[in-house]
S.K.: 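For reference, the structure I am asking about is given below.
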Amino acid sequence: MTPPTPNHGDELLRIGDVFTPLVWGEFAIQRFGIFDKWMDGARVFDPTMGEGALLESLITYGLNKGYQLADLPTDRLFGNEMNAQYYECALHLFQEKYELDLSNQLLNSDLLELPARSFDVLFGNPPWLTFADLPLQYKDKVKPYFFEYDLVGNTKELLLGGSRIDIAALMIQAAIKNFLKARGEAYFFLPLSILLNDGANKHFRSYKIHQTPFALNTIIDLNRTAAFKEVGTRYGIAHFTRDDKTNFPIKYERFDGEKWENLLAKPLYQANDPLSVFAEEEENTLADLPRIIIAKEAQPRQGLNTSGANSIFFFKNFEQIDTNTCLLDKETILPSKWIYPLLTAKHFKAGQAKELEPVKWVLIPHEKNGRPLSEDQLKKESLLWNYLKQHEQKLKNRKGTLIRSWRDRGYWWSLLGVGPYNFMPYKIVWEAYGRKTFRPIIVEGHWQANQSLQAFIPVRTKKAARKLLKQLKHPSIEKYLLSLQMEGTMNWAQPGKIKKLLTFK
């Protein structure tokens, strides 16, 4: 049964729906001993139950163990679901399949508005969606709750990077705070970005809601099990205990494709850092990470960002026509002073970009201090102004809070990620997206890094560049990156991860 698109109020909203297969519900029950707790008197509550699969998995687990339905304490199963259609499906499931009337135990409400109650065990799978991707009609309503449950420090975090905060983090904290008894235990399927990624979910990793602490005890990484075949993000199961403190390192179990590995996890620097995952014998190696001292201006950076306008700013062919102009892609003539070579994956395979000919170029209509050229400056460069005017509407239509702020100030031709650091004499550059090895290289001149694919540290002298490159090639740095479990993803070696290794003068 497919619920309607969200346009009839909160009760029909579909928010990050990822339904749990019964077999994986039973897996969690067996791994964490939830069935025994239930049989021993625990009241189990699923705060975002969907169509009731996790509650049903307690029943199927018991039946598979040889119990009769009458032997199972179904009167201690409780659930809540905001979507009215899913809620009705859950009621129908238990009535038709098991002849159980759970209408007094299952609720149809927004968890955030539900009066507090106390349960022994929480067992759930909250929505897998970020704040930025919430339906507009729900986003304004839910925003205050991110502050109420200590998940953001200020409004700006929701508008910018914090907009990637997972709604699952909010639901987990609300459920633990309002529906779990003191020292009660919670088991949640969840996107592992909450625990393993930099940035947006750092406040969740304080493992505290105002004065209420909760311990993170164990993580089971299900990513290679294909438990949720339709999901591209990393995911797993986490076990929490209310009114307790996390003792790092914690247990981290991961399926390697053939067997389960028993690993450990802990933050390496700040307490709310993403978790690093490692074998027990690797813990001392990670403790020996080098602390690199560099100039304050040498902050790690991402490559420049066209905000979806690569076809306007990127070119595959370059021919110098005369001292001042060039022919791009066989058809566009522009002033060559605004055209720069762009790094590609090919250059990293070769080892040093300066030894290769460029294969891509990028137009940067910005001054050397990073500011976009003014309209008066552009009009003096008629070739450049006419080219940008051809694409004016597409450039004005680019999406994103930051690029629109430039547009609203009149600089609709601007790029993101451009500053004086783009024009430093040297850069230490590495592939930050989708890799499993950390291989930084030195590039000289005005080579540019490409969006989130690459990251770099700007350096003023060749001597400083060589020293920094040697330090970044320390083998423990790659081990540190691998411990963050982001190999092969867009979060492999983004600037924030490298910044933790640096001390700025």
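FYI, the numbering just counts along the sequence from 1. All of these numbers come straight from a predicted model, not from anything done at the bench.
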S.K.: How would you list, by chain and number, every residue that makes a side chain to side chain donor-acceptor pair (under 3.5 Å) with Thr233, sequence neighbours excluded?
M.R.: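 In terms of side chain to side chain donor-acceptor pair (under 3.5 Å), with neighbours along the sequence ignored, Thr233 is linked to no residue.
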S.K.: Taking atom OH as the centre, does Tyr433 end up with more than 12 heavy-atom neighbours from other residues, nucleotides or ligands that are less than 6.0 angstrom away?
M.R.: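 For Tyr433, atom OH is not crowded (no more than 12 foreign heavy atoms under 6.0 Å).
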S.K.: Run the salt bridge (Lys or Arg N to Asp or Glu O under 4.0 Å) test on Glu478 and Lys473 for me, step by step, so that the C-alpha distance in whole Å, both residues' side-chain angles and the decisive distance to 0.1 Å come before the verdict.
M.R.: CA-CA 8 Å; Glu478 185 175 282; Lys473 285 189 172 182; over 6 Å; no
S.K.: Using the benzene-type ring in the case of Trp, are the ring centres of Tyr235 and Phe228 under 6.0 Å apart?
M.R.: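 Centroid separation for Tyr235 and Phe228: below 6.0 Å.
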S.K.: Please enumerate all residues that pass side chain to side chain donor-acceptor pair (under 3.5 Å) together with Ser311, with sequence neighbours excluded.
M.R.: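 Counting only residues at least two positions away or on another chain, Ser311 forms a side chain to side chain donor-acceptor pair (under 3.5 Å) with Lys394.
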S.K.: Decide yes or no for Leu342 and Pro358: does some side-chain heavy atom of the first lie under 4.5 Å from some side-chain heavy atom of the second?
M.R.: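 Leu342 vs Pro358: side chains apart.
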S.K.: With sequence neighbours left out, write down each residue that passes ring pair (Phe, Tyr, Trp, His ring centres under 6.0 Å) with Phe240, or none if nothing qualifies.
M.R.: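 Result, ring pair (Phe, Tyr, Trp, His ring centres under 6.0 Å) vs Phe240: Phe214.
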S.K.: What side-chain donor-acceptor pairs closer than 3.5 Å can you find for residues 415-427, not counting sequence neighbours?
M.R.:
unit_1: Asn422; atom_1: OD1; unit_2: Gly419; atom_2: N; d: 2.8
unit_1: Asn422; atom_1: ND2; unit_2: Gln448; atom_2: OE1; d: 2.8
unit_1: Lys427; atom_1: NZ; unit_2: Asn422; atom_2: O; d: 2.8
unit_1: Lys427; atom_1: NZ; unit_2: Trp447; atom_2: O; d: 2.8

S.K.: Hey, is CD1 on Ile293 packed in by over 12 heavy atoms from elsewhere, all under 6.0 Å?
M.R.: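 Result for CD1/Ile293: open.
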S.K.: Could you check whether Lys141 pairs with Glu113 (Lys NZ or Arg NE/NH1/NH2 to Asp/Glu carboxylate O, under 4.0 Å)?
M.R.: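 So Lys141 pairs with Glu113 through a salt bridge.
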S.K.: With Tyr87, which residues qualify under ring pair (Phe, Tyr, Trp, His ring centres under 6.0 Å), at least two apart?
M.R.: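 If we apply the ring pair (Phe, Tyr, Trp, His ring centres under 6.0 Å) test to Tyr87, skipping adjacent residues, there are no hits.
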S.K.: Restricting to side chain to side chain contact (heavy atoms under 4.5 Å, CB included), what partner residues turn up for Asp273, sequence neighbours left out?
M.R.: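 For Asp273 the side chain to side chain contact (heavy atoms under 4.5 Å, CB included) partners, ignoring immediate neighbours, are Pro267, Tyr269, Gln270, Lys500.
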S.K.: In Å and rounded to the nearest 0.5 Å, what is the CD1 to CG distance from Ile312 to Leu395?
M.R.: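 Answer rounded to 0.5 Å: 4.0 Å.
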S.K.: With Lys139, which residues qualify under side chain to side chain donor-acceptor pair (under 3.5 Å), at least two apart?
M.R.: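 Checked Lys139 against side chain to side chain donor-acceptor pair (under 3.5 Å); zero matches.
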S.K.: Once ring pair (Phe, Tyr, Trp, His ring centres under 6.0 Å) is applied, do any residues pair with His391, and if so which ones, sequence neighbours excluded?
M.R.: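 Per chain and number, His391 pairs via ring pair (Phe, Tyr, Trp, His ring centres under 6.0 Å) with Tyr387.
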S.K.: Any salt bridge (Lys or Arg N to Asp or Glu O under 4.0 Å) pairs touching residues 360-370, not counting sequence neighbours?
M.R.: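 For residues 360-370: none.
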S.K.: Centres of the Trp361 and Phe318 rings: under 6.0 Å?
M.R.: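 Yes, the ring centres sit under 6.0 Å apart.
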S.K.: What pairs of donor and acceptor atoms, side-chain ones from residues 488-496 against any protein atom, are under 3.5 angstrom apart with sequence neighbours left out?
M.R.:
unit_1: Thr489; atom_1: OG1; unit_2: Met486; atom_2: O; d: 2.8
unit_1: Thr489; atom_1: OG1; unit_2: Asn491; atom_2: N; d: 3.1
unit_1: Trp492; atom_1: NE1; unit_2: Thr437; atom_2: O; d: 3.3
unit_1: Gln494; atom_1: OE1; unit_2: Gln302; atom_2: NE2; d: 2.6
unit_1: Gln494; atom_1: NE2; unit_2: Ala432; atom_2: O; d: 3.2
unit_1: Gln494; atom_1: NE2; unit_2: Ser452; atom_2: O; d: 3.2
unit_1: Gln494; atom_1: NE2; unit_2: Met490; atom_2: O; d: 2.6

S.K.: Sequence neighbours left out, what passes side chain to side chain donor-acceptor pair (under 3.5 Å) with Lys379? Give chain and number order.
M.R.: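 Side chain to side chain donor-acceptor pair (under 3.5 Å) check on Lys379 returns Glu375.
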S.K.: Could you work out, with salt bridge (charged side-chain N to carboxylate O under 4.0 Å, His left out) as the rule, every residue matching Glu487, not counting sequence neighbours?
M.R.: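 Applying salt bridge (charged side-chain N to carboxylate O under 4.0 Å, His left out) to Glu487 gives none.
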S.K.: Working to the nearest 0.5 Å, report the span between CG of Leu263 and CG of Asp256.
M.R.: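 If I round to the nearest 0.5 Å, the distance is 9.5 Å.
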